[in-house]
Every structure is written in C-alpha cells, then in structure tokens.
Amino acid sequence: MSLLDTAKEDGEARWRAELIGCFRLIDTRTGADHTPYSRKARAIIAYLIGREGEPVPRERLMGMLWGDRQETQARGSLRQALLDIRKATDPDDCPIIAERQVVRLDRSKVQVVGLDPRGGDDSDWRPFEDLDGISEEYDDWLVRERSRIEDAVILEAAKKVTSALVDRRGAEMVPLIRRLLRIDPLNEDFVRYAMVAEYQAGHSAKVELHYRDYVERLGRELGVTPAAATIDLRERLLKGQSAQLPSAQGHAA
C-alpha cells in the first residue's frame with residue numbers, strides 16, 4: 001500500500017490526513033478539522049504517517065522532538081502530545097495507537113491524500129509547511145520526507161491527468177498540467193498532456209504554443225529535438241485527426 005493510499009479497502013477511513021501546505025487532519029464523516037493545536041502533536045502524526053504503520057519506539061520520538069530535555073521531562077512531554085492528539089480527534093477512534101514501548105499510525109483509520117481533494121491543484125505542493133524548525137533532527141527528516149511526498153504527488157497527478165484525458169476532460173486538467181510543467185518543463189510526458197488538454201478544451205492555438213515553447217527549451221538546454229511521438233501528436237492535433245496520447249501505444253497512462 002503506497003503513501004497516498006492508506007484508506008480502508010472496504011470503505012472510507014474515519015480520518016483524512018492532508019499533507020500539502022499546512023498539515024490537516026479531517027473527520028471524513030463531518031468534514032470538521034480535528035488537527036491538534038500543538039505543533040509537536042502534529043509533528044508526531046506526520047512522522048508516523050511517513051512510517052506507514054511501522055511501530056516507532058517512544059525513545060525515538062522523544063529524542064527527535066525533545067532531545068534537549070531530561071528523559072523524565074521528555075517522556076512526560078510525549079505523553080502530553082499523545083493526549084493532545086486523542087483530545088483533538090476522538091478518544092474512542094484515535095488515528096494513533098500508543099502502546100507501552102511504541103507508537104504507530106492506525107492505517108485502517110487514516111486516508112492520506114496528496115492533491116487537495118477540494119481542488120487547488122494549481123497551488124504550491126510543498127508538504128508540511130507548518131512543521132519547520134521543531135528540531136534539527138526533525139528538519140532533516142522533513143527534507144527527505146518532502147522529497148518522497150512530492151514524487152508521490154507528481155505520480156498521482158500524472159495518473160489523474162491521463163485518466164481525464166482518456167475521458168476527454170482535458171479542459172478540467174489544464175491548471176494541474178500547468179503545475180506539472182512548472183515543476184519539470186522538460187518532461188515530454190507533461191508537454192503531451194498539455195497539448196492534448198488544450199486541444200480538448202478547444203484551444204488549438206495553444207497546442208502549437210506548448211509545442212514551440214518545448215522545442216525552444218529543449219534545444220537551448222539540452223541541444224536535442226522532441227521525440228517522434230511528440231512531433232506526430234502535434235501534427236495529428238493540428239489536423240484535428242486525434243486527441244489520443246502516445247500512452248495508448250505503450251506510454252504509461
């Protein structure tokens with residue numbers, strides 16, 4: 001089960017963890033925000049989500065979040081943070097399981113999402129914007145985890161786009177594709193997505209614009225030309241012959 005697919009297979013999980021921007025924990029039954037007020041309580045949930053249900057020793061969390069305190073004080077601070085999580089969510093349906101020696105995420109209760117389920121796909125995709133500066137060790141983990149999440153979100157976005165293009169819903173995908181191109185303007189898959197989406201949206205002139213911009217950037221930065229499949233796609237779109245992605249001929253959809 002992947003980072004962005006931790007919901008129960010037989011139905012919607014009780015809690016939805018939104019990673020992009022400021023971390024949020026939402027009750028899927030009511031839509032209410034149950035994010036703990038304490039930053040360190042939020043940091044614990046974020047870290048446990050990253051471990052995907054693997055038990056984490058209490059000493060690990062204590063050292064990462066309260067390493068500058070005596071052991072007794074750090075242990076008490078961890079207990080308080082875990083209590084804050086229970087109070088903010090539901091004591092009888094908490095997304096975190098706290099045992100005597102270890103703490104872990106209850107994966108059956110948490111659905112982890114990358115792209116904002118309410119929209120906003122054209123916004124910044126930086127995860128955990130509110131969790132910087134808690135400790136040097138936690139910041140080091142954030143750097144690695146953000147990279148992992150961003151890679152997963154890009155893959156999630158690409159799958160969403162290709163599915164929509166197959167259904168000829170390209171107009172809906174233009175903002176999301178624009179974001180993908182800002183992240184990686186030399187990604188030929190993303191350029192193809194943009195060309196097909198603009199064609200499906202009735203913007204034929206933008207098909208040529210995306211293609212020309214890509215040709216110029218590719219030549220300037222890499223000294224190469226587009227792949228034959230991209231050239232063929234551009235010609236077919238400009239002739240109004242087809243809006244089918246090269247993915248249909250073996251390219252990942």
Side-chain angles (χ1 to χ4, degrees), residues 1-58 60-61 64-65 78-121 123-131 138 141-142 144-164 176:
M1 205 178 270
S2 69
L3 174 69
L4 301 178
D5 185 24
T6 61
K8 291 187 291 185
E9 293 182 0
D10 59 347
E12 188 173 35
R14 170 69 188 276
W15 305 103
R16 183 177 72 242
E18 299 179 2
L19 310 187
I20 305 305
C22 294
F23 174 73
R24 290 291 179 265
L25 190 66
I26 307 298
D27 187 336
T28 60
R29 297 177 183 176
T30 66
D33 190 333
H34 286 256
T35 310
Y37 178 77
S38 163
R39 278 213 314 151
K40 288 192 176 180
R42 300 197 300 271
I44 289 171
I45 302 174
Y47 184 76
L48 295 178
I49 286 173
R51 297 293 291 266
E52 300 188 15
E54 178 185 348
V56 177
R58 285 178 177 254
R60 171 65 175 155
L61 295 173
M64 178 179 289
L65 300 175
L78 174 59
R79 283 198 301 268
Q80 183 59 52
L82 294 173
L83 180 60
D84 290 343
I85 294 171
R86 288 177 59 83
K87 288 181 176 179
T89 55
D90 181 342
D92 297 321
D93 202 11
C94 185
I96 302 302
I97 297 174
E99 299 173 347
R100 182 177 179 84
Q101 300 295 334
V102 300
V103 182
R104 62 184 174 86
L105 176 78
D106 188 338
R107 290 180 58 147
S108 70
K109 295 180 180 178
V110 182
Q111 174 190 15
V112 182
V113 299
L115 294 178
D116 187 342
R118 299 159 298 187
D121 293 339
S123 62
D124 188 9
W125 289 351
R126 187 172 185 264
F128 304 137
E129 287 188 339
D130 55 332
L131 298 182
Y138 195 83
W141 174 80
L142 274 180
R144 298 189 299 272
E145 189 66 6
R146 279 174 175 149
S147 177
R148 188 168 81 107
I149 292 171
E150 287 167 356
D151 287 346
V153 168
I154 290 171
L155 179 60
E156 179 189 13
K159 289 180 178 179
K160 181 177 180 180
V161 167
T162 53
S163 177
L176 181 54

| query | Is the side chain of Thr35 donor-acceptor paired with the backbone N or O of Leu25 at a distance under 3.5 Å, no angle test? | reply | yes

| Side-chain contact, heavy-atom cut-off 4.5 Å: Arg24 with Asp130? | yes

| said: Between Lys40 and Asp84 (salt bridge meaning N to carboxylate O under 4.0 Å), is one present in this structure? | reply: no

| task | Please tell me if the side chains of Leu105 and Arg51 come closer than 4.5 Å, counting only heavy atoms from C-beta onward. | result | no

| Okay, side chain of Arg86, backbone of Pro91: is any donor-acceptor separation there less than 3.5 Å? | yes

| said: Show the nearest heavy-atom pair for residues Ala17 and Ile49, with the distance to one decimal. | reply: CB-CD1, 3.5 Å

| said: In the structure I gave you, are the side-chain heavy atoms of Arg58 and Val102 within less than 4.5 Å of one another anywhere? | reply: no

| remark: To the nearest 0.5 Å, atom OG of Ser147 lies from atom CG of Leu142 at 12.0 Å

| said: So Asp90 and Arg14, do their side chains get closer than 4.5 Å, heavy atoms only? | reply: yes

| query | Once you round to the nearest 0.5 Å, how far does CZ of Arg39 lie from CD1 of Ile44? | reply | 12.5 Å

| Could Glu150 and Arg148 be called an ion pair, given the rule that one side-chain N must be under 4.0 Å from one carboxylate O? | no

| field | Leu61 CG to Leu78 CG distance, which is reported to the nearest 0.5 Å | value | 6.0 Å

| query | Counting distance only, does the side-chain N/O of Thr28 pair as donor-acceptor with the main-chain N or O of Ala13 below 3.5 Å? | reply | yes

| task | Output every pair passing ring pair (Phe, Tyr, Trp, His ring centres under 6.0 Å) with a member in residues 27-54, not counting sequence neighbours, ordered by first then second residue. | result | Trp15-His34, Tyr47-Trp141

| CA sep, side-chain torsions, deciding dist, call: Ile149, Asp151, side chain to side chain contact (heavy atoms under 4.5 Å, CB included) | CA-CA 5 Å; Ile149 292 171; Asp151 287 346; over 6 Å; no

| message | Could you report the tightest heavy-atom contact between Pro95 and Thr89, atom names first, then the distance? | response | CD-OG1, 3.6 Å

| Under 4.5 Å between any side-chain heavy atoms of Arg104 and Glu54, yes or no? | no

| query | Is the side chain of Tyr138 donor-acceptor paired with the backbone N or O of Ala43 at a distance under 3.5 Å, no angle test? | reply | yes

| task | Kindly indicate, with the supporting measurements, whether the criterion side chain to side chain contact (heavy atoms under 4.5 Å, CB included) is fulfilled by Arg126 and Leu19. | result | CA-CA 8 Å; Arg126 187 172 185 264; Leu19 310 187; over 6 Å; no

| query | So, for Pro36 and Ala41, which heavy atoms are closest and what is the spacing to 0.1 Å? | reply | CB-CB, 3.8 Å

| query | How about Lys109 and Ile96: do any of their side-chain heavy atoms sit closer than 4.5 Å? | reply | no

| request: Mind checking the CG-CG spacing from Leu48 to Asp106? Nearest 0.5 Å is all I need. | output: 11.5 Å

| query | Are any of the side-chain heavy atoms of Val103 and Leu82 separated by less than 4.5 Å? | reply | yes

| Which heavy atom of Phe23 sits nearest a heavy atom of Arg42, and at what distance? | CD2-CB, 4.1 Å

| field | Flag, side chain of Arg16 to backbone of Gln111, donor-acceptor distance under 3.5 Å | value | no

| Do the side chain of Thr162 and the main chain of Lys159 share a donor and acceptor less than 3.5 angstrom apart? | yes

